[in-house]
Amino acid sequence: MNLSQVLLSALKAHGAREVFGIPGDFALPFFREIENAGILPLYTLSHEPGVGFAADASARIRSTLSVAAVTYGAGALNMVNPVAGAYAEKSPVVVISGAPGKGEASTGLLLHHQAKTLDSQFAIYQEITCDQARLTDARTAPAEIARVLASCLRESRPVYIELPRDMVAEPCEPVVALGAPAVDPAALDACTDEILARLAAAERPVLMVGVEVRRFDLEAQVAALARQLGIPVVTSILGRGLLAGHDAPLAGTYLGVAGDEAVTALVEDSDALLMLGVLVSDTNFGVSARQIDLRKAIHACDGEVTLGYHTYAHLPLGQVVRRLLERAPAARQMPTLAPPSYPHGMVADDAPIVPGDIARGINDLMARHGVMPIAADMGDCMFTAMEIAHQALVAPGYYATMGFGVPAGLGLQAATGERPLILVGDGAFQMTGWELGNCCRFGWDPIVLVFNNRSWEMLRTFQPESSFNDLSAWDFAGMAAGLGGDGVRVDTRAELAAALEQAVATRGRFQLIDVTIPRGELSPTLKRFVAGVKRLSAPGAR
Ligand SMILES: Cc1ncc(Cc2c([C@H](C)O)sc(CCOP(=O)(O)OP(=O)(O)O)c2C)c(N)n1
Ligand SMILES: [Mg+2]
């Protein structure tokens, strides 16, 4: 085999099921190898941010690594933002960048696509990946690939592989995958015993689940643990959608002052908050009505478990969950929880549409036609997603970058074959919505709801006096046909209800519903979130 075939085979053996990418002359030879080898299907998109977001979504929904292949310089540096978001939200994307060949670097010429030096790109990617390799020697390449892919899965973070264009066809030995690092059984038992003792002594224990539960494919085990412990479960905002379809005593999503009061009280009154795989971030905890005393919490994330003032190191979340399941006593009783409620029954009348109507309309639609995986962009569409009945959701809930929604939806359909629902604001659609033009080539047919308020509305809520938040009215519906899909603009709730039904009934072409929303209208969740942030950030509030 050659180096490209070895790399592609190793990627597949570690869980990759496709390559998203855009070539360039430094990557053309590798892309030719991808196409000729047929080891992984190749989906080329139109702009590298879309490549990164699509690969990120594929990794999230399949709970394993994905691949984003780009050219050197202009391509790879164009993808820095999506990879930074994948790093922040623990999504294991393998970035493969073409690069100048060994002989080119020694010409003494400045090479095209070179920024500062030929090491600059590697240095930039060191800041947003957990491991890196430059495959300049076929003898060491298999071990380098094994190391980097093991890091990607162990850390659930992006990694970077630089592949000089004169190396792609070099003969190369296969990769031998590295095993998981050993775990100290005594430390694992001491840690799990301490966790169980804390929970047993508590009067109001609560389990909060976060992104790592999905990234390490632990939802079934964590649902079983919640049942066995007999304690209520909440998700963090970033963990929204977790345990959907699993039998778990799920109370809802913790959103602090922006969320359901009963869920907020459950978390903030708890005397033993067990957080599994939760990122302790401002979006997860920044709107806590009361500062949660993390010294009383138990936090398992990033391969560590912290209880109060001490930390157990090198304990992967999967091992901690496994050992808790083995050692936890059966619950004496299950918590009596009101199941989470979601708004239904949108009135299909001539009233204008507000974000809360979109949540109702989607909940009604899914009650009739079944659930769909959701990709949400940053903006009020993401807060509206919190009001949609709990199911698989990918969204930039912490890193909060715009442009994620449409490419992520395409990544969902490429990865799962399921038709996704995409929620995106007009501002974010202007960034990457055009990737919909690639649906025809690959047979993708997402349903896309554009929250068209002609505004950067989230920014306006924080700074209403600025007129630069006013956007003009783009006719997204009118552009859909030119991109190979169907588009319709809806101004009333009756038109929205009809358009949703028509979209579900139409397969094989993307369906874009351009939803006119009056400026200033916010989802109930965003309203509470903004009010909470303002109140809690006022001088003297804490
Ligand atoms: C790539 C990128 N650029 C800028 C921002 C800042 C930003 C927001 C966050 C706070 O950083 S929310 C927002 C406006 C979003 O407008 P739109 O998509 O129309 O959604 P909505 O009208 O619902 O707000 C911007 C520009 C961002 N998050 N990501
Ligand atoms: Mg907007």
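Indexing begins at 1, ligand by ligand and atom by atom, following the structure's order.
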For this session: Among the N/O/S atoms of Asp426, select the one at the shortest distance from the Mg ion (ligand 2) and name it.
Result: OD1
Problem set entry | Any pair counted as salt bridge (Lys or Arg N to Asp or Glu O under 4.0 Å), so long as it reaches residues 401-427, sequence neighbours left out | Arg419-Asp445
Exercise. Between the side chains of Thr64 and Asp217, is a donor N or O closer than 3.5 angstrom to an acceptor N or O?
Worked result: no
For this session: Check whether any side-chain N or O of His47 sits under 3.5 Å from a backbone N or O of Glu435 as a donor-acceptor pair, and report yes or no.
Result: no
Problem set entry | Met458 backbone or side-chain N/O/S under 2.8 Å from the Mg ion (ligand 2) | no
Exercise. Is a donor on one side and an acceptor on the other found under 3.5 Å between the side chain of Asp302 and the backbone of Glu304?
Worked result: no
Exercise. Does Asn452 use its side chain to pair, donor to acceptor, with the backbone of Thr516 at less than 3.5 Å?
Worked result: no
Exercise. Do Gln114 and Tyr72 have side-chain atoms, one donor and one acceptor, less than 3.5 Å apart?
Worked result: no
One line per pair, note the atom names and distance for all nitrogen or oxygen contacts under 3.5 Å between ligand 1 and the protein.
{"from": "ligand 1", "atom 1": "18 (O)", "to": "Gly427", "atom 2": "N", "distance (Å)": "3.4"}
{"from": "ligand 1", "atom 1": "18 (O)", "to": "Ala428", "atom 2": "N", "distance (Å)": "2.9"}
{"from": "ligand 1", "atom 1": "19 (O)", "to": "Asp426", "atom 2": "N", "distance (Å)": "3.4"}
{"from": "ligand 1", "atom 1": "19 (O)", "to": "Asp426", "atom 2": "OD1", "distance (Å)": "2.8"}
{"from": "ligand 1", "atom 1": "19 (O)", "to": "Gly427", "atom 2": "N", "distance (Å)": "2.8"}
{"from": "ligand 1", "atom 1": "19 (O)", "to": "Ser455", "atom 2": "O", "distance (Å)": "3.0"}
{"from": "ligand 1", "atom 1": "22 (O)", "to": "Asn453", "atom 2": "OD1", "distance (Å)": "3.3"}
{"from": "ligand 1", "atom 1": "22 (O)", "to": "Asn453", "atom 2": "ND2", "distance (Å)": "2.9"}
{"from": "ligand 1", "atom 1": "22 (O)", "to": "Ser455", "atom 2": "O", "distance (Å)": "2.9"}
{"from": "ligand 1", "atom 1": "22 (O)", "to": "Glu457", "atom 2": "N", "distance (Å)": "3.1"}
{"from": "ligand 1", "atom 1": "23 (O)", "to": "Asp380", "atom 2": "N", "distance (Å)": "2.8"}
{"from": "ligand 1", "atom 1": "24 (O)", "to": "Glu457", "atom 2": "N", "distance (Å)": "3.3"}
{"from": "ligand 1", "atom 1": "24 (O)", "to": "Met458", "atom 2": "N", "distance (Å)": "2.8"}
{"from": "ligand 1", "atom 1": "28 (N)", "to": "Ala400", "atom 2": "O", "distance (Å)": "2.8"}
{"from": "ligand 1", "atom 1": "29 (N)", "to": "Met402", "atom 2": "N", "distance (Å)": "3.0"}

Exercise. Strictly under 2.8 Å, is any N, O or S atom of Asn453 next to the Mg ion (ligand 2)?
Worked result: yes
For this session: Mind telling me whether Tyr125 and Tyr160 have parallel, tilted or perpendicular rings, with 30° and 60° as the class edges?
Result: parallel
